[in-house]
Amino acid sequence: MLTQDGHLGATYELGGPAFTLTELAATISEVLGTPIAYQDMPVADYTAALTAAGLPPEMAAAVADADAGLARGELFTAREDLVKLIGRPATTVREAVQNAATAEETR
């Protein structure tokens with residue numbers, strides 16, 4: 001789109017099929033054959049855990065707040081801009097996890 005006409009001034013919402021972190025954990029579990037659990041944490045608890053893991057407090061708070069926004073669906077889009085721009089269906093969460101697992105196996 002950077003080298004083609006017709007995109008000047010256009011705004012695109014890029015996204016693929018929606019999934020929850022619980023669904024992501026289930027998909028990782030299935031692909032790897034290892035149980036993975038997702039546990040949602042209140043923002044304050046997540047901030048504290050990230051800080052305890054070594055993130056600066058301001059960064060930990062920003063990450064925890066962004067995570068809460070994701071849970072509220074703040075990045076969700078039903079628009080098909082990505083599919084139109086790349087000319088194929090968006091990668092599914094299962095495909096992305098499988099690709100990552102395969103790449104890790106070949107490392």
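Since the model is a prediction, treat every value here as computed from it, not as a measurement.
By the side chain to side chain contact (heavy atoms under 4.5 Å, CB included) test, Leu70 is found to be paired with Leu75, residues two or more places apart in sequence or in another chain being considered. In this view, Glu105 satisfies the salt bridge (Lys or Arg N to Asp or Glu O under 4.0 Å) rule with no residue, not counting sequence neighbours.
In this structure, OH in Tyr38 is found 6.5 Å from OG1 in Thr22, a value given to the nearest 0.5 Å. Note: Glu104 CD to Leu32 CG = 10.0 Å, rounded to the nearest 0.5 Å.
Around atom CD of Gln39, no more than 12 heavy atoms belonging to other residues, nucleotides or ligands sit under 6.0 Å away. Atom CE of Met41 has more than 12 neighbouring heavy atoms from other residues, nucleotides or ligands inside a 6.0 Å radius.
When all heavy atoms are compared, the tightest approach of Val83 to Ala90 is CG2-N, 3.9 Å. Heavy-atom minimum distance, Leu50 versus Ala64: CD1-N, 4.2 Å. In terms of heavy atoms, Asp81 sits closest to Glu13 at OD2-N, 2.8 Å. Shortest non-hydrogen contact noted between Ala96 and Thr91 is N-CG2, 3.7 Å. Between Ile28 and Ile36, the closest heavy-atom pair is CG2-CG1, 3.8 Å. Minimum heavy-atom separation, Phe19 to Val93: CD2-CB, 3.8 Å.
Although no hydrogens or angles enter the test, the distance criterion places a donor-acceptor pair under 3.5 Å between the side chain of Glu23 and the main chain of Thr20. No donor-acceptor pair under 3.5 Å is formed between the side chain of Thr34 and the backbone N or O of Ser29.
Between Tyr46 and Val63, the closest side-chain pair of non-hydrogen atoms falls below 4.5 Å. For the pair Lys84 and Tyr12, the minimum side-chain heavy-atom distance is 4.5 Å or more. Taking the side chain as every heavy atom from C-beta outward, Val97 and Leu24 approach each other to under 4.5 Å. Within the 4.5 Å cutoff, the side chain of Thr51 has no heavy atoms near those of the Leu55 side chain. Side-chain contact between Leu14 and Leu85 is present, with at least one heavy-atom pair separated by less than 4.5 Å.
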